[in-house]
> 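Have a look at the structure that comes next, please.
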Amino acid sequence: MRELRDGGAAAVASLAAGVETLGAVLARTYGPVAGTVLLDSGRALPEVVEDGGLLARRITGLPDRRGHAGVMALRDTCLATRRRYGDGAATVAVLARSMVAQASRLVVAGAHPVSLRRGIERGVTAASAALTATATAVSSDDDLRRLAAGACHDSEVSEVLAELFGLLGERAGLIVEERSTPGVERGYVDGARWRAKPAFREVVPDGSTDVALRDPEIVVADATLTAVEDVVPALEHALASRRPLLLVVRGIESAAKAAVLGNRARSTIIPMRLASVERQVPDDIADLALLTGATVLGDVLGRPPRTLRPADCGRARLVVLTRRHVTVSGGAGTPAGAEARAGQLLGRAAAIERGSDEWRAARMRIARLSGAQGVIVVGGYTAGERQLRADRVAKAQRVLELAARGGAVPGGGVALLECAEAVRAARSGCAGIDEAWGVDLVATALSAPLRQLVDNYRSRHEAPHPDLALARIADLGQGWGFDAQQGEFAPMAKAGVLDAAGVLTGAVEAAGSLTATLVSSAAVVTARRRAAS
Amino acid sequence: MTNAWRRLADAHVPAAVLAVLSEPATSANASGDVIVGGAGGVAIGAPDGSWTAADPGIGAVAGVVRAGSVLLAGGASGIARSSDGGRTWRRAVVHGVAAPVTSLVAAGGNTLAGTLGSGVLRSADDGRTWAPAGFGLASHDVSALAFVDDHMVLAGTDDGIHASPNAGRAWRQVAGTSGLGVTALAVHGDVAWAAAETGEVLVSSDGGRAWTRRGPLPARAVPSALETNGDVVVVATDAGILRSADGGETWDSAHREPVFTLAIAAGGELIAGTGSGLVSSGDDGRTWSPRGGAPPVHDVSRLVVTGAEVLAYGPMAGVVRCVAGVPMVAAPRPVSVVTAGPHGVVLAAGPGGLARSTDAGRSWVNVLPGDAGFVHVLAPAEDGSWWAASADGARLLRSADGGRTWVNLSSPWGTATVLALAARADTVLAATYDAPGAAVDLWRGRVDGPWSHSGRVPTPRPSVQLSLDPPAAAFDGRWVYGSERGWRPGDGPAGRLRRLIGAGGRLFALTETVLAESADSGRTWNPIAGFDAAQVADVAASGAATVLLTSSGELWTTAG
């Protein structure tokens with residue numbers, strides 16, 4: 001059985017109730033001194049959650065089905081924002097809560113939903129443009145550290161990430177590893193690293209952790225080698241050149257494997273395969289070949305491995321293969337070739353949904369081709385601790401990526417607040433009063449994050465009422481805000497309170513999109529929960 | 001049984017000091033010791049002038065540093081650590097490709113090693129494990145390292161100075177130094193000094209970020225080390241010590257003798273390692289005088305018996321005729337291997353190829369021109385024929401006329417590293433090492449016949465010793481003995497094997513704990529009394545006589 005809530009006003013009010021329900025909870029996690037949320041998930045121990053995105057992920061429904069749709073809509077928007085930008089879930093919740101509440105009142109009061117929607121979109125566009133215009137380039141490791149700290153609230157992780165991004169630049173690709181002792185460590189990949197495995201167990205003998213090849217010949221084949229003829233040209237070339245041989249293949253079986261094993265006493269032969277996700281393997285093989293100056297062989301490419309010529313082999317100064325990855329240093333490929341492919345990938349990545357698997361894979365390829373891979377090792381005694389820190393790294397990493405490309409703006413909700421004037425200026429282009437109300441509700445919502453920040457601070461410390469705080473900030477002038485870490489009014493940029501412009505832009509766009517969608521809903525159909533038998 | 005040892009001679013040779021560490025006197029830690037490194041290992045000099053030698057097992061030691069409570073030594077074949085002030089050493093785990101270590105520095109819990117070929121190695125666990133940290137290095141040939149503070153560190157490479165702001169995790173080439181072969185660095189406060197192989201001297205007053213050039217060193221002076229106490233700068237060169245008291249504008253010669261390394265003791269005393277020992281200066285480098293006796297860091301550690309003469313040799317020290325009591329100036333140096341065969345023939349392989357002597361080392365004739373590493377292992381057969389191979393497996397050679405002329409043969413082992421050869425008139429046995437596979441491969445060949453792959457033995461380390469008279473082999477602690485029916489596994493003397501020789505039907509084994517002899521092809525082993533195995537450098541046998549060399553350079557024999 002389903003329940004139909006017909007009529008625009010009723011539907012919007014129903015959805016707004018859901019957004020308010022979840023938004024009020026998520027809003028408590030906004031800001032550096034936000035409160036934690038105790039989540040009773042029915043397990044033995046309640047879970048303490050401090051991150052808005054994680055909290056949104058944990059809440060999967062409401063017992064009251066009438067508010068369910070609104071809750072799920074906000075949850076989905078928050079999760080998408082977090083996935084794309086690493087941070088901003090709580091900001092979306094605060095903004096959407098304000099926008100949806102205002103929009104709901106306007107629709108109930110008779111505003112036309114379509115015009116209202118147009119106004120919201122106009123306001124969001126103006127806000128995004130204003131944020132982008134005020135962003136400044138991130139110039140120092142200190143800025144990077146503060147941005148990371150603002151996202152993950154972990155000083156150790158922030159310190160390390162700031163150094164990594166400072167040295168590796170905006171093309172940085174981070175490999176996150178875990179260890180069982182506390183602390184955070186970092187390293188830099190000299191060359192390029194892929195997930196990889198020895199082609200068979202005997203390649204890395206028991207008791208060894210890695211195999212290192214100095215100045216090897218590198219044969220790259222996007223194929224599984226099975227026949228002796230598949231490996232003979234490579235073996236002959238390795239023997240003639242008197243260099244170790246690295247075979248990068250999809251697999252090596254049957255007679256080909258026997259031939260490799262049988263010749264190990266005569267030459268150093270290391271067969272390996274890349275352990276990327278299956279659909280990424282061809283791209284990774286191509287990148288490895290490009291960086292080492294090798295030609296990719298394969299039946300489907302018209303160059304079966306048995307046709308190998310010496311000129312098809314690549315070279316590198318050093319190759320280190322472990323049971324989990326391979327690192328190629330000093331590849332003989334041309335820097336111009338790697339740069340050209342990295343440039344192509346940058347263009348392609350811009351068209352891929354941020355945060356998706358495909359986007360992450362493209363980012364890591366860019367890092368490999370640019371020699372900008374770093375390793376961050378997060379430690380903790382328990383798997384939970386390690387996972388928590390790995391999540392913080394992922395979150396702050398996205399924020400730093402955005403800041404490296406789009407710059408930073410004053411944090412603590414100040415940049416949003418200061419966009420309001422630019423948004424109101426957009427009223428002039430509106431076709432009617434309903435559309436202008438849409439612009440206004442966006443402008444009004446832009447003050448909500450700062451209000452929420454002060455309110456969250458007030459829940460634990462002495463502080464003025466949010467209205468008074470906003471008035472005080474208006475008196476103090478542009479750039480001033482409330483530093484919730486220190487509990488005082490301060491010029492945000494000078495105090496090092498920064499936000500990545502890209503995160504705020506994404507949050508405003510996500511909240512606006514959610515509001516525009518909800519406000520134009522004509523009906524809500526909710527499934528009625530089945531009675532317990 | 002071998003007994004009745006008689007002291008035959010001494011094999012003392014002067015040795016170059018390649019590394020110096022002056023330990024401050026503290027109540028908890030040592031007491032003002034000086035630790036030096038050289039071709040044969042390390043030596044610890046006590047305040048009373050006495051020396052104690054130790055071999056970390058890493059070849060020529062070019063760097064010594066203290067990291068917390070441990071001492072670290074970096075050498076030609078790796079890094080070792082000692083927790084007891086240098087008396088005993090254990091090899092550290094080095095990930096990646098092993099490369100000669102040129103310098104070691106430590107600060108703030110981070111330890112770095114500069115290498116030739118592998119860039120910078122980094123350890124964060126007091127030197128137990130090392131991993132490459134070469135991100136950003138334009139050259140991976142690193143000659144010098146110096147910490148400015150606990151985080152900022154400088155590296156002198158073949159392609160300029162590199163700076164790392166994060167304790168060596170990542171590097172950036174310093175602007176304006178590209179192409180400069182920097183061989184020495186020194187830091188005092190925020191002031192850093194660098195010297196290049198071309199004689200250029202650079203100084204930085206901001207911790208190594210920006211550099212300016214100063215007056216060059218005198219022509220043809222190739223610097224190897226730098227030190228500064230803030231007031232003066234001294235440079236060690238192959239022509240001696242140069243000193244500047246005017247900020248590097250002009251340089252005066254302060255000591256005329258090749259110098260390889262410099263250090264400053266806690267009291268401000270300058271110490272320099274020369275070709276034969278230590279010299280020191282207590283007046284800011286104006287005058288220098290010998291400091292104590294010669295430290296025992298020579299690498300003479302192998303014995304060869306030919307007729308009545310005993311030859312002792314080491315790669316860097318060259319060959320010493322012990323009975324005659326003179327070094328062989330005409331013999332190859334550095335020498336990679338010396339072997340005595342029948343009819344008084346001795347062959348020695350060095351950087352010029354293979355040299356031959358038939359007069360117990362008095363004179364030598366080069367019989368096979370070649371480059372360094374041309375021949376790495378030699379094996380004579382009882383009929384006067386010889387076999388030789390290069391380490392990289394590229395060459396296999398045979399001589400049928402006592403080493404006068406040689407024939408190139410094709411080897412069956414491709415590019416595998418040759419560890420050992422043993423020959424009879426009709427048969428030769430070769431052992432090669434598959435490093436990635438951690439296994440020794442055995443090959444058997446017949447004169448003018450085919451080779452066969454006769455076995456593969458898993459061996460974590462490239463350690464194998466062969467004898468064909470009587471047949472025996474040891475693979476990193478696993479023993480096998482030959483008989484009419486083939487090879488059989490057996491037991492050997494306790495301890496890690498250092499040397500196995502067969503002579504006249506007897507086997508001699510020198511391990512880390514015992515010197516033992518077997519007269520029944522390895523079935524039973526009997527300890528040879530009279531010497532602590534730890535103090536024995538090598539053992540040789542000829543006919544009924546046994547000769548041994550102690551680590552202090554004494555030569556003992558059982559011959560009458």
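Chain letters run A, B, ... following the sequence lines, proteins first, then strands; residues in each count from 1.
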> Of all the heavy-atom pairs spanning A:Ala265 and B:Ala416, show the shortest one and how long it is.
O-CB, 3.2 Å
> Sort A:Ile269 into side chain, backbone, both or neither according to what part of it lies under 4.5 angstrom from a heavy atom of chain B.
neither
> Is the count of non-hydrogen atoms from other residues, nucleotides or ligands lying under 6.0 Å from A:Arg195 atom CZ greater than 12?
no
> Under 4.5 Å, counting heavy-atom pairs only, tell me which of B:His453, B:Arg456, B:Arg172 racks up the most with chain A.
B:Arg172
> What part of A:Leu239 gets within 4.5 angstrom of chain B, counting heavy atoms only: side chain, backbone, both, or neither?
both
> Could you tell me which non-hydrogen atom of B:Phe135 sits nearest to which non-hydrogen atom of A:Gly371, and how far apart they are?
CE1-O, 3.3 Å
> Answer with side chain, backbone, both or neither: which region of B:Trp443 has an atom nearer than 4.5 Å to a non-hydrogen atom of chain A?
side chain
> May I ask you to decide if B:Gly414's main-chain N or O and A:Arg242's side chain share a donor-acceptor pair within less than 3.5 Å?
yes
> Atom OG of B:Ser164 and atom CG of A:Leu167: how far apart are they, to the nearest 0.5 Å?
8.0 Å
> Of all heavy-atom pairs between A:Thr268 and B:Pro436, which one has the smallest distance, and what is that distance?
CG2-CG, 3.1 Å
> Non-hydrogen contacts under 4.5 angstrom with chain B: give the residues of residues 316-327 of chain A involved, or none if there are none.
A:Arg317, A:Leu318, A:Val320
> Evaluate the side-chain proximity of A:Arg214 to B:Ser118: yes if any heavy-atom separation is below 4.5 Å, no if none is.
yes
> Atom CG of A:Asp210 and atom NE2 of B:His95: how far apart are they, to the nearest 0.5 Å?
6.0 Å
> Against chain A, work out which of B:Asp392, B:Asn166, B:Val440, B:Asp441 has the most heavy-atom pairs shorter than 4.5 Å and name it.
B:Asn166
> Where on B:Ala394 is there a heavy atom nearer than 4.5 Å to chain A: the side chain, the backbone, both, or neither?
both
> Are any side-chain N or O atoms of B:Thr415 and backbone N or O atoms of A:Arg266, one a donor and one an acceptor, separated by less than 3.5 Å?
yes
> For the CG atom of A:Asn263 and the CG atom of B:Asp434, what is their distance to the nearest 0.5 Å?
11.0 Å
> Who among B:Pro460, B:Ala438, B:Pro132, B:Pro412 has the most heavy-atom pairs with chain A under 4.5 Å?
B:Pro412
> Taking every heavy-atom pair that is under 4.5 Å apart, which of B:Gly119, B:Gly117, B:Ser411 has the most such pairs with chain A?
B:Gly117
